[in-house]
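All of these numbers come straight from a predicted model, not from anything done at the bench. Naming: A, B, ... by sequence-line order, numbering from 1 per chain.
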Number of protein chains: 2
Amino acid sequence: MTRTPVPGTRRRILQTAARLFREQGARAVGMQQVVEETGLGKSALYREFTSKDELVKAWVGELHDHAWAQIGSAIARHEGDPARALLAIVEQAQESTQGSDAHGCTFYNTSAEFRDPGHPGRREAVAHLDRLRELLCALATSARATDPKALADMLMLIISGLYANAATLGPSGPAAQSIAAARILIDQHVPTPEGS
Amino acid sequence: MTRTPVPGTRRRILQTAARLFREQGARAVGMQQVVEETGLGKSALYREFTSKDELVKAWVGELHDHAWAQIGSAIARHEGDPARALLAIVEQAQESTQGSDAHGCTFYNTSAEFRDPGHPGRREAVAHLDRLRELLCALATSARATDPKALADMLMLIISGLYANAATLGPSGPAAQSIAAARILIDQHVPTPEGS
DNA sequence: CCAAGATGGGACCGATCGGTCCGGACTGAT
DNA sequence: ATCAGTCCGGACCGATCGGTCCCATCTTGG
């Protein structure tokens with residue numbers, strides 16, 4: 001090696017791509033646009049990511065890491081109170097839609113934009129949703145919910161619906177009722193109501 | 001006029017476009033593909049619809065009419081029992097995702113694919129969701145719900161979440177809990193529980 | 001039976017798509 | 001100072017995008 005590999009390149013690409021994909025949708029953004037906004041050349045981009053599909057996958061994967069960390073800290077804030085932790089996850093999701101960048105849930109959006117089940121980005125997105133579902137189920141079990149799986153799935157509905165409605169009808173639309181709805185569903189399943 | 005305008009042309013285009021858009025997503029389908037599948041020429045297509053955006057709008061509009069009719073008949077089946085009608089709407093939504101063509105809610109998908117607020121198709125989709133929200137609110141009011149708007153919005157969350165999860169994790173995933181969740185939320189808001 | 005003219009199929013347009021490749025610039029060793 | 005090695009920007013590729021236009025075809029009024 002005779003030249004510095006510029007390690008920040010990959011990160012810069014991902015950050016730029018993340019912004020464009022989030023704002024306009026992955027399908028609407030061309031690689032040319034990513035190249036122009038990063039100021040790099042196409043060869044640099046295609047050395048880091050072999051194809052656009054892989055770039056989308058990396059983007060979704062990074063968003064998963066980010067979301068997972070936020071969920072983890074939300075849970076940690078209510079250690080020993082899994083029912084409260086479940087609510088905290090919904091609260092955290094709602095907060096993330098309050099900004100003006102309410103473009104919906106990336107994981108569901110990506111699934112909507114790329115229907116091919118084999119698409120790397122879609123697989124990554126579905127994997128995230130599956131892990132979230134399992135996490136909710138584990139928390140519901142810890143909370144001694146009467147039917148943990150049912151409670152977890154109901155909260156999945158609320159969270160998905162929250163993002164979808166925030167993106168279409170605005171954060172102050174139906175999305176604003178997500179926490180209240182989650183509380184009702186949690187209380188209904190957990191023997192000792194803690195939501196009130 | 002010296003030649004029959006062939007009134008079936010518009011319908012044929014819409015049917016073909018509807019199938020392609022539903023299966024692959026509106027953004028992934030090119031006008032060339034629509035032309036090839038209809039067997040018509042491009043000029044015919046562009047005489048009926050001035051642009052792809054308008055075709056998407058017409059598609060969404062027709063889907064609105066279809067959905068609205070189905071919702072109407074679901075309500076009619078429970079006339080005089082608005083609380084039951086609310087549940088019937090969710091039931092009807094769930095049934096529509098049972099087929100193998102679970103590609104999510106067209107109205108939300110269209111919003112996800114076309115982020116520009118001025119896009120005709122997106123406007124149509126948002127308008128549908130708004131009307132649905134108002135209808136749910138009216139039914140909730142008739143059912144003497146303690147907080148009709150809140151109940152309507154919670155059901156919006158359930159319905160949206162139902163479609164999103166059916167599309168990503170399958171109809172037997174979290175989507176399967178949508179009716180049970182709706183029942184809980186309705187019972188919680190309606191003085192005389194009728195869901196049990 | 002013919003002229004008028006709307007209609008439909010598809011060639012064609014510039015722009016952009018995802019992806020490849022090459023020439024020049026910069027680096028580190030000699 | 002020179003040279004070899006590596007990496008970068010951007011020109012370039014065929015395909016396809018949404019959209020326009022031309023011409024053969026067919027129908028209908030006279």
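Judged as a salt bridge (Lys or Arg N to Asp or Glu O under 4.0 Å), the pairs with a partner in residues 153-174 of chain A (not counting sequence neighbours) are, in order, A:Arg133-A:Asp153.
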(message) Quick one, B:His119 with B:Asp53, criterion side chain to side chain donor-acceptor pair (under 3.5 Å). Give me CA distance, side-chain angles, the key distance, then yes/no.
(response) CA-CA 7 Å; B:His119 189 287; B:Asp53 288 352; 2.9 Å; yes
In sequence, state the C-alpha distance, the side-chain angles, and the governing distance for B:His103 and A:Arg115, and then conclude on side chain to side chain contact (heavy atoms under 4.5 Å, CB included). CA-CA 8 Å; B:His103 300 290; A:Arg115 304 292 175 87; 3.4 Å; yes
Start with the C-alpha distance between B:Asn165 and B:Thr97, add both sets of side-chain angles, then the distance that settles side chain to side chain contact (heavy atoms under 4.5 Å, CB included), and finish with yes or no.
CA-CA 10 Å; B:Asn165 278 280; B:Thr97 65; over 6 Å; no
Next item on the list: Step by step, work out the salt bridge (charged side-chain N to carboxylate O under 4.0 Å, His left out) result for B:Arg11 and B:Glu62.
Entry: CA-CA 11 Å; B:Arg11 177 129 306 274; B:Glu62 198 173 56; 3.0 Å; yes
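Between B:Arg47 and A:Ser51, the one whose closest nucleotide on DNA chain C sits nearer the 5' end is B:Arg47.
Side chains of B:Ser96 and B:Tyr163: a donor-acceptor N/O pair is present below 3.5 angstrom, by distance only.
Across all strands shown, B:Val29 has heavy atoms under 4.0 Å from sugar-phosphate atoms exclusively, and none from any base.
Atom CG of A:Asp53 and atom P of C:dG18 are 10 Å apart (whole Å). Regarding B:Leu40, its CG atom lies at a distance of 15 Å from the C1' atom of D:dT25, rounded to whole Å. For the pair A:Phe21 CZ and C:dG18 C1', the computed distance is 12 Å after rounding to whole Å. Rounding to whole angstrom units, CG of residue B:Asp116 and P of D:dG18 are separated by 16 Å. When the P atom of D:dG10 is taken as reference, atom CG of A:Leu45 falls 14 Å away, rounded to whole Å. Following rounding to the nearest Å, B:Ile13 (CD1) and C:dT7 (P) show an atom-to-atom distance of 13 Å. Atom CD of B:Gln32 and atom P of C:dC13 are 15 Å apart (whole Å). One atom, CD of B:Gln33, and another, P of C:dC17, lie 19 Å apart when rounded to the nearest Å.
A 4.5 Å side-chain heavy-atom check between B:Val56 and B:Glu113 finds every atom pair outside the cut-off.
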Could you go over nucleotides 20-22 of chain D and give all protein N or O partners under 3.5 Å, atom names and distances?
none

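Comparing D:dG18, D:dG9, C:dG8 against the side chain of B:Lys52 picks out D:dG18 as the nearest.
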